[in-house]
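Note that the structure is a prediction, hence the values are computed from the model and not measured.
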Amino acid sequence: MRRMLLGLAAASLAVLAGCTVCHVKQTSLVPAAVLPPPPGERTLADFYLGDDTLSFLKQPQLAPNEDAGLWIPRTQIDGAITLRPIPRLGLRFLWLFAPAEGAQEAAPTTLANPGGATGGPGMGLTVRAGPLFGPWSIDFAADLLIVSIPSRISATCGTISDPAEVSYMALQRDMIPLYSLSAVMSWRVSRWGRLLFTAAGRNHPTNIADFHSYVPDSSVNAGPFNLILGIGAEFTLGHGFSVVPQVQVPVLAEPVRYGPIFGIGLRLSFGRDHLAPRPRPPAYPPGYYPPGYAPPPGYAPPPGYAPPPA
């Protein structure tokens, strides 16, 4: 409220001084608060591609005292490629894409869906700890994406010296960071599957639906942090393929409440298992050699050694 009053005061002074001031209304398509699952457990690398579908059990609702014009996508595609330079450390390359088709508005607005799509690339780091006790393990992840957010603006500009108002209608884009921290507990039920329990924090981009500015530009910011809880599973199909269904719910209405979000993805893992036990060579008594083995030149058995009977 204080920032709004200061903005109105500045706009009033600018008008009195003869500067151009615009009354801007805007609406933006922002990504839904959902995260890709953790990488595969052990392999050298894996590729994940998933579809997250937002179920609108009721109309998305803005938080109290929130002045934002937001559209939430109905479908969101997540991709991740994970490489493991060492067994428990993963470097992953992320990708997000959410089309405007089917998006829902978070509050009644006079502006239409911005159209286009939101999304962008990113990178992340994962650390795996476990098995902690029994079949339980935990993955920690830190991700950063840079997403392009489309906005539709309607602006009316004018001054006291020139009372004729000029109206603008335009589509603009803003590059906004998405940053998240997550912890995923996994329970290995059998060699064919595991259960996943997610707790994560991620910012939720937002905007200001109605404001005054010197130029008719959109105003989108990174927004507040939101808490995400989820449950899922991974079913191994064989030959490196697995299916990963999951359900995630943004718990805090910061800045808007919606959900739950149902997702299903396909993972392809390749490379050897970093953590699989390796067979150890058999321990032979000193001086004994398997059949067909010849000792190196100059080798002499220990004093007093006699080969075992044939």
For the atom pair [atom1] ([X]) and [atom2] ([Y]), what is the distance rounded to the nearest 0.5 Å?
{"X": "N221", "Y": "I176", "atom1": "CG", "atom2": "CD1", "value": "7.0 Å"}
{"X": "F93", "Y": "L83", "atom1": "CZ", "atom2": "CG", "value": "5.5 Å"}
{"X": "S151", "Y": "Q172", "atom1": "OG", "atom2": "CD", "value": "7.5 Å"}
{"X": "R74", "Y": "L54", "atom1": "CZ", "atom2": "CG", "value": "7.0 Å"}
{"X": "R194", "Y": "S137", "atom1": "CZ", "atom2": "OG", "value": "8.0 Å"}
{"X": "Q246", "Y": "L196", "atom1": "CD", "atom2": "CG", "value": "7.5 Å"}

Where the side chain of [X] meets the backbone of [Y], is there a donor-acceptor pair that is under 3.5 Å apart?
{"X": "S190", "Y": "W192", "result": "yes"}
{"X": "D46", "Y": "P39", "result": "no"}
{"X": "N207", "Y": "G69", "result": "yes"}
{"X": "R92", "Y": "G122", "result": "no"}
{"X": "N203", "Y": "A222", "result": "yes"}
{"X": "D51", "Y": "I77", "result": "no"}
{"X": "R84", "Y": "A45", "result": "no"}
{"X": "Q248", "Y": "L35", "result": "yes"}
{"X": "Y258", "Y": "A33", "result": "yes"}

message: For a 4.5 angstrom cut-off between non-hydrogen side-chain atoms, does V24 reach H212?
response: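 No, side chains not in contact.
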
Using every non-hydrogen atom in the two residues, find where [X] and [Y] come nearest and quote the distance to one decimal.
{"X": "A209", "Y": "A68", "result": "CB-C, 3.6 Å"}
{"X": "T206", "Y": "P224", "result": "CG2-CD, 4.3 Å"}
{"X": "G120", "Y": "V147", "result": "N-CG1, 4.0 Å"}
{"X": "P150", "Y": "R173", "result": "CD-NH1, 3.7 Å"}
{"X": "F270", "Y": "F47", "result": "CE2-N, 4.3 Å"}

- prompt: Does the side chain of T236 pick up a donor-acceptor pair with the side chain of R191 at under 3.5 Å?
  reply: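 No - no donor-acceptor pair under 3.5 Å links their side chains.
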
message: Ignoring hydrogens and geometry beyond distance, is a side-chain donor-acceptor pair present between E234 and S242 at under 3.5 Å?
response: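 Looking only at side-chain atoms, S242 and E234 do form a donor-acceptor pair, the distance falling under 3.5 Å.
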
query: Charged N to carboxylate O under 4.0 angstrom, D143 versus R202?
result: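 No.
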
Assigning hydrophobic clusters by single linkage (Ile, Leu, Val, Met, Phe, Trp, Tyr; side-chain heavy-atom cutoff under 4.5 Å), is [X] placed with [Y]?
{"X": "I231", "Y": "L229", "value": "no"}
{"X": "I138", "Y": "L195", "value": "yes"}
{"X": "Y48", "Y": "L178", "value": "no"}
{"X": "I81", "Y": "F97", "value": "yes"}

field: Passing candidate, side chain to side chain donor-acceptor pair (under 3.5 Å) with W71, options N113, T27, T118
entry: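 The passing option is T27.
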
field: For T198, the option from V184, D139, I228 that meets side chain to side chain contact (heavy atoms under 4.5 Å, CB included)
entry: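 Among the candidates, only V184 passes.
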
Residue pairs involving residues 93-103 (criterion salt bridge (Lys or Arg N to Asp or Glu O under 4.0 Å); sequence neighbours excluded):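 Not a single pair qualifies under salt bridge (Lys or Arg N to Asp or Glu O under 4.0 Å).
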
- prompt: How would you list, by chain and number, every residue that makes a side chain to side chain contact (heavy atoms under 4.5 Å, CB included) with P73, sequence neighbours excluded?
  reply: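 Applying side chain to side chain contact (heavy atoms under 4.5 Å, CB included) to P73 gives L29, Q76, A98.
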
task: Give the C-alpha distance, both sets of side-chain angles, the deciding distance and a yes or no for side-chain contact (heavy atoms from CB on, under 4.5 Å) between V247 and I261.
output: CA-CA 6 Å; V247 180; I261 302 170; over 6 Å; no

Pairing residues for W187 by the ring pair (Phe, Tyr, Trp, His ring centres under 6.0 Å) criterion, not counting sequence neighbours: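 Listed in chain order: W136.
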
